[in-house]
Structures are given as structure tokens and as C-alpha cells.
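Quick notes on the structure that follows.
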2 protein chains.
Amino acid sequence: MEKKLPTIKEIARRLNISASTVSRALHDHPSIGLRTKMAVKKLAAELNYEPNQTAIFFKQRKTFTIGLVLPNLREEFFSAAINGIEDVALDHKYIVLIGQSHNDLAREQKLVETMKNHRVDGIIASISSSTTHIEHFEQMKNYDIPVVFFDRVPDAKDIHSVSCNLYDSSVEAVEWLFNNGHKRIAYLQGPATLNMKNERLDGYVEAHKKHKLPVDESLIVSTDLSVEGTRKAIDALLLLKKRPTAILSFNDYVTLDAIQYARQKKLVINKDLCFVSYANVPVTQYVEYPPLASVEQFPYDQGVSATELLFRLIDKKLAGQESPYENIVLKSELIIR
Amino acid sequence: MEKKLPTIKEIARRLNISASTVSRALHDHPSIGLRTKMAVKKLAAELNYEPNQTAIFFKQRKTFTIGLVLPNLREEFFSAAINGIEDVALDHKYIVLIGQSHNDLAREQKLVETMKNHRVDGIIASISSSTTHIEHFEQMKNYDIPVVFFDRVPDAKDIHSVSCNLYDSSVEAVEWLFNNGHKRIAYLQGPATLNMKNERLDGYVEAHKKHKLPVDESLIVSTDLSVEGTRKAIDALLLLKKRPTAILSFNDYVTLDAIQYARQKKLVINKDLCFVSYANVPVTQYVEYPPLASVEQFPYDQGVSATELLFRLIDKKLAGQESPYENIVLKSELIIR
DNA sequence: CATTTTTCCGCAATCGTTTGTTCATTTATT
DNA sequence: AATAAATGAACAAACGATTGCGGAAAAATG
């Protein structure tokens, strides 16, 4: 069985020359004569020689692999981001190792560990909702593995990140609702771990400030992103004496759950209750009552940007240079249906 | 910069013993005395020693990596399958290299090539809709890299595969429609490359046979899975003098497009026109007019099954044994809403 | 023709780990 | 006490490719 693949040594043996000569010939090294170079290339082609990458990885201390740690692949947001990441990676002749944390810190840690063992050249990550600390990522500094966070960026300094500016579009979203006659706008926020840098809320507050309206704390509710959590949050809002007429909601998935539940409660969407959301995922096209507007976060572009940043870091590292911490912020855009 | 990580050699040097002793000590080799074993382990722990996997990969001719080639990650079907694959892989201490073909043959070939270069221990693939031949996969035999196809399985012999039996549930689906009073049932099929083994159609025909009804060829239309393609197919059906009252549709995504279009055309879904489909993806929960029924194809289980098969093949290969071609067929299930 | 320069290629080390073999020392056996 | 057996550890090769250095043969120079 186990046919063994042709190696440089094999070529060298057959041509009665040394392995180093074969290696140089294949790399068009100037110090190899045309005659032998041709002979080597000819035989290499005949034997269908292909360099053993694992040997090269080992020797070069590079694996041409980047690790990608994500909460999940189910959300179209992340699969779109992967497209961006994969495209850039393939351009650089890199390949992507993907792992899902399923929003579990322990699994996220294990993934990072495994990727470190596989000696990935760099890591791109969007943290899980249960990620309360990022030691496992910080550890990577000891291994000279650069880490770039995107979208779900931990609230820490000394990190590299790519994310969307959600503040401006949050202001815009809430103002848009005000301008459409809404007076009481609720904010359905995500779990605390994802709110450390709470741009959505800041924007929500700022819009109220601009319109000289007070912020009613009882209109701010939270969900852990589960269906149940979202329902409870909606329940809380519906129990209020003065109900909101619109909800700014953490993301489209939460919004879909919320809308479904509100309809069960016999509310008429876009009449009794309006939704504005984040992510602008394509599936909302198919639903009967989608959010009125959604903040596009350009996952593909975030992916591209994060990967490009990572490659810059890798290059710097190889050149032995330090890189300053970069925190790239992309624009988001309120898409009104 | 480039701090260098502790190696076995380093430990050996510090303890004034040989590298081989260190290696054996760390592996609890019986021929190492307790005294030195302890010393080695102690120092290894202090230095935070971790074996260099790339060196091991190289030496062992194993990378503990499996390649996964998919049409895309957007479809929840595939991301669910990945969950199954990832779970089994992690159990075996393997990691997954994911690549999307985006239904492009050239890209699929490139991915397979790249994965081969990375010396993956095995490949799991669901072919793209433009994959007209599978030479690139067959090539892998020359490199002793086993390939397991799942779900979208090419129509070829001498392959390993895992797929769902869609024949039985297709019969069941069409009979269910007959039993609900439908007389004219259309079949909206996918592109030719994915229909080589056309179980859906065979089931559709069989159901007609069982009910002693003729199959009207004009009721069988095709889509390339694009929105446009689906619309054209629906147009063709709507132009018929005797329109169908129900459509058996290739999958849920196509169905959502079809339903959206039919509604634009002022048809009342589930009255003028009913849909039964395949995949049973969760997003259909959120839409106003989902297909009445959908064939669940258990992507997670397919993923698990394919991965387990792959590991059996890898083990056999390492043991130097031949493996017979296995084509595992899982049950599917018609889910009625 | 003698010397310098250029051209071309081989030697050997290296990356970090594993493993078959050998060898010295200690312990057990008669 | 002499020999046999068991123990513990070192040596060296190997995996496949790369690369600095040195050196022989060929070409160019005076």
C-alpha cells in the first residue's frame, strides 16, 4: 500500500547529484547550470514531484494556515465574514482552519489551544457570548501568534481588532424612529459580555439627548439571545403601563424571535410595534414582517479587513518588527426597507 | 523578538542527558528510570514545554487535520453538517480545514489541491453543482488520502459516501399530497449535475404509479438554484393551461424563492398553490407561508456518519489494509407542519 | 602557460521529534 | 565470586527540504 511519494532525495539519487542541487534547481537558484536545471525539472515533472509541505512547514516555521474562531456558522453574518476571510487567505496561499465555540468559553479555549498546537500563523476571532476573559488569546503572544478580533471584540486594550461603528448608525436608527412619530422606543440588548463596549446603547441614549427626551430605564431590556430570553424581555416590555411603539433590537435573529412572539401575542407588527435591528441578514427578505430597518455591518468587508490586518501583522513579525495595536473601525449603514 | 519555544533538545541540554531520553521520559517509556523521568517532567512543566506539532506531523506523516470541501456555508444545511463533522473530529483530536467551492468547479479543484498540499489525512466533500467530473477527488487515491462524499454525492462507483434516502420520503411526500386532494403535482428539480442519481424524481414517478396516475412531463421543471432560475421555472408552470395545485420543490431555499415569487403573482399560498420541499431548515419557521412539509435530511447525522467513516478509512490505511467502498444511506423523514 | 576569476555543484548542518540498536551499569542467579 | 539477566540511558539515523560555505573544474585574463 503506502506508495511513497517522490522526494528531492529520490530525484537526486536518480540523477546522481546532490539533494541540495535539486532543491536549488527547482527554485531557479542562479548557481545551478542550465543543463542540470533542465534535467531536474524534467525528471521532477515526470515523477510528478511535489514538495512535502509538512517538511517545509517544519523547516520554515510557517504553516500557511490561519485559525478562525467563531461563535457559530449558522448565522449568516459569520458565514459571510468567512467568505471575506477565505478570499483574502487564498490570495495569500493560505488556508483557513475553522472552529466554532458555540458560545462556550471552554470550547473556545480548547479551540485556541488546538490551533496553537497546529502552529497556525495567526488567529482571527469573534468571541463567544460567554467569554468573560481573553487570557487564552493573550497567551498567543507567548507563541508569537498574532490575534485579530472582529465584530465581537473584547473590551480590552492591547489587542488588534476590526469592527463596525455602531454608534453613529444607532443614533441614526433611533432618530429615524423619532422622525417617524415614535415617542417610546425600547432597546432590547444582548448579554452583558457582548455589551462591554455598548455602542448601540450609547447611540440610543445620544439620540434621546439630541431630541431632548429622557431615557426610560424600564424600556431597556436584555436577552441572552435564546428564544426564551428574548420572549421574557418582550414580556417585560408588554407589561409596562406605557408600552413602547418601537424596539431597537440587538440583531436580526433576536428580532425574528421577538416578532414571532409578538405576533403570538396578537400584536400587529409595524402598527402596534415596530422593529429596527442590526445585521441586515438576507433571510429577513423572506419573512412576512421583517424589521423596518436594519444596520448593515458588512461582514464580508470586516472579514477582508481583519485578514489583511492579520497578514500585515504576520509580515511584521517575520521581519522581526513590533506592530502597534490597530483597531480598525468600519462604517455601518442603516438600511431602510 | 521571536522568542524561541523550549524544545526537547533544550531540556536535554539543561539536564545533561540525551534528547531521546527526554522524549521517552515524556512518553512514559518503560526503559526510563523513575528518577530521570521525574526530573524531565518537572523541567518540562517549568519551561512550559509543548511539543512542536509541525515536527511531529512531519515525522509521523500525519497532520491530524481533515479537509472539508463544501459548496457554501450560507445554507444552514451545511453548517449543521459541519457541527457533526467538527464534533467527531475534535473527539479524535482532529481539526477541520474548511473550504467553500461556491459551486465553482475550478475553485473546488483548487481547494482539493491546497488540502492535498497541506497533507490532510482525509477529505470530506459535498460536490458543487458545477462539478461535472471528480478527477480531482480521484487523484487523492495517489496520495493515499481517503475521500468521503456526503449529501451531494457524485454518481460514480468506487467512492465512499454518506447520503440520505430521498426516494422513500419523496414517494411519501407525493402520496401525502395526493391524499390531501391534489391531482396535479409539479416537480421543481435542481440542476442536472445534482440529479444524476435522481431519487426525488424517481419517488415522484413511483407515487404516480402507485396511484395509477400518469406523469405529465410539462409539470417537471428545473432551476439552477438561482432566484432567476426558480422564477423562470415557476413561470413555466403558471403558463400551463392546467396549472398544478402543488409543487414538490428541490429544497427549502428554492421553495422560499418560489413562494415569494408566487405571492408576487398574487397566488394564495396553501390555497392556490401548495409546496412540499426538502431540507427542513429552521429559517422556514419564521416565514409567513412556509412549505407545508419538508423532508428532513439530518445534516448533523450525515456529518457524524461521514466523519466516522472517514476515520475508519484512515485507520485502515494506517494499518495497511484495503477498505471496500462503503455507501451509507441514512433515512430521511417527511416532516409535516 | 600561469594565474585569477567565474561557474557550478557537493558537503554538512539544521529544523524537533521519534525509535531501533547498542552499551554500560546495576542487580539477580547459581 | 563468577556469570547471567535486567535495567537505564546514550548514539545515531531518519523524516524532507533548505542554505551557508567551501572547493573543483572551467573559463577568462595577463
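Chain letters run A, B, ... following the sequence lines, proteins first and then strands; every chain starts at 1.
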**Item:** Nearest-Å distance for atom pair CZ/P, residues R35(B) and dT25(C)
**Value:** 16 Å
**Item:** Distance in angstrom units between L34(A) CG and dT6(C) P, rounded
**Value:** 20 Å
**Request:** Just call it for T36(B): base, sugar-phosphate, or nothing, with non-hydrogen atoms closer than 4.0 Å on any strand.
**Result:** sugar-phosphate
**Atom-to-atom span, NZ of K59(A) to C1' of dG16(D) - whole angstrom** = 10 Å
**Donor-acceptor pair between S23(A) and S20(A) side chains, under 3.5 angstrom** = no
**Message:** Going by the rule ring-ring contact (aromatic ring centres under 6.0 Å, His included), which residues pair with H133(A) if we only count those two or more places apart in sequence or in a different chain?
**Reply:** H136(A)
**Request:** In plain terms, say whether K110(B) and E113(B) are close enough for a salt bridge, that is, a side-chain N and a carboxylate O under 4.0 Å apart.
**Result:** no
**Message:** Do T131(A) and E108(A) pair up side chain to side chain, a donor and an acceptor below 3.5 Å, judged on atom types alone?
**Reply:** yes
**Asked** According to a strict under-4.0 Å criterion, is K9(A) in side-chain N/O contact with OP1 or OP2 of dC15(D)?
**Response** yes
**dG10(C) phosphate, OP1 or OP2, under 4.0 Å from S18(A) side-chain N/O** = yes
**Asked** Is there a residue in residues 113-123 of chain B whose heavy atoms reach under 4.0 Å of DNA chain C, and which residues are they?
**Response** none
**Integer-rounded Å distance: dG16(D) C1' and I11(A) CD1** = 12 Å
**Prompt:** So what does Y49(B) touch, heavy atoms closer than 4.0 Å: a base, only the sugar-phosphate, or nothing?
**Reply:** sugar-phosphate
**Message:** Five pairs per end, C1' atoms only: what is the angle between the end axes of the helix from dC1(C)-dG30(D) to dT30(C)-dA1(D), to 10 degrees?
**Reply:** 60°
**Request:** Flag as yes if F58(B) stacks onto the base of dT17(C) (centroids under 5.5 Å, planes under 30°), otherwise no.
**Result:** no
**Prompt:** Would E75(A) and R74(B) pass as an ion pair if we require N to O under 4.0 Å?
**Reply:** no
**Request:** Take atom CE of M38(B) and atom C1' of dG8(D), then tell me their distance rounded to the nearest Å.
**Result:** 17 Å
**Request:** Send over the distance from F57(A) CZ to dT17(C) C1', rounded to a whole Å.
**Result:** 18 Å
**Message:** Which nucleotide wins on minimum distance to the side chain of R61(A), given the candidates dG16(C), dA9(D), dG16(D)?
**Reply:** dG16(C)
**Message:** Using side-chain heavy atoms (C-beta onward) and a distance below 4.5 Å, is I145(B) in contact with V120(B)?
**Reply:** yes
**Message:** For H118(B) and F64(A), I'd like to know if the aromatic rings sit close, meaning centre-to-centre distance below 6.0 Å.
**Reply:** no
**Message:** Between C1' on dA17(D) and NZ on K62(A), what's the gap in Å once rounded to a whole number?
**Reply:** 16 Å
**Prompt:** D151(A) and S163(A): side-chain donor and acceptor closer than 3.5 Å?
**Reply:** no
**Message:** So if I take residues 20-31 of chain A and measure heavy-atom distances to DNA chain C, which residues fall below 4.0 Å?
**Reply:** S20(A), T21(A), R24(A), S31(A)
Side-chain donor-acceptor distances from residues 37-45 of chain A under 3.5 Å, at least two apart:
| from | atom 1 | to | atom 2 | distance (Å) |
| --- | --- | --- | --- | --- |
| K41(A) | NZ | D28(A) | OD1 | 2.9 |
| K41(A) | NZ | D28(A) | OD2 | 3.3 |
| K42(A) | NZ | E46(A) | OE2 | 3.3 |

**Asked** dC9(C), dA10(D), dT17(C): which one has an atom nearest the side-chain heavy atoms of I32(A)?
**Response** dC9(C)
**Request:** Check the side chains of S130(B) and N103(B) for a donor-acceptor pair under 3.5 angstrom, ignoring hydrogens and angles.
**Result:** no
**Asked** Nearest-Å distance, CD1 (I56(A)) to C1' (dG16(C))?
**Response** 17 Å
**Request:** Tell me, please, which residues at least two apart from F311(B) pass ring-ring contact (aromatic ring centres under 6.0 Å, His included).
**Result:** H92(B), Y94(B)
**Asked** Got a salt bridge between R13(A) and E10(A), using NZ or NE/NH1/NH2 to carboxylate O under 4.0 Å?
**Response** yes
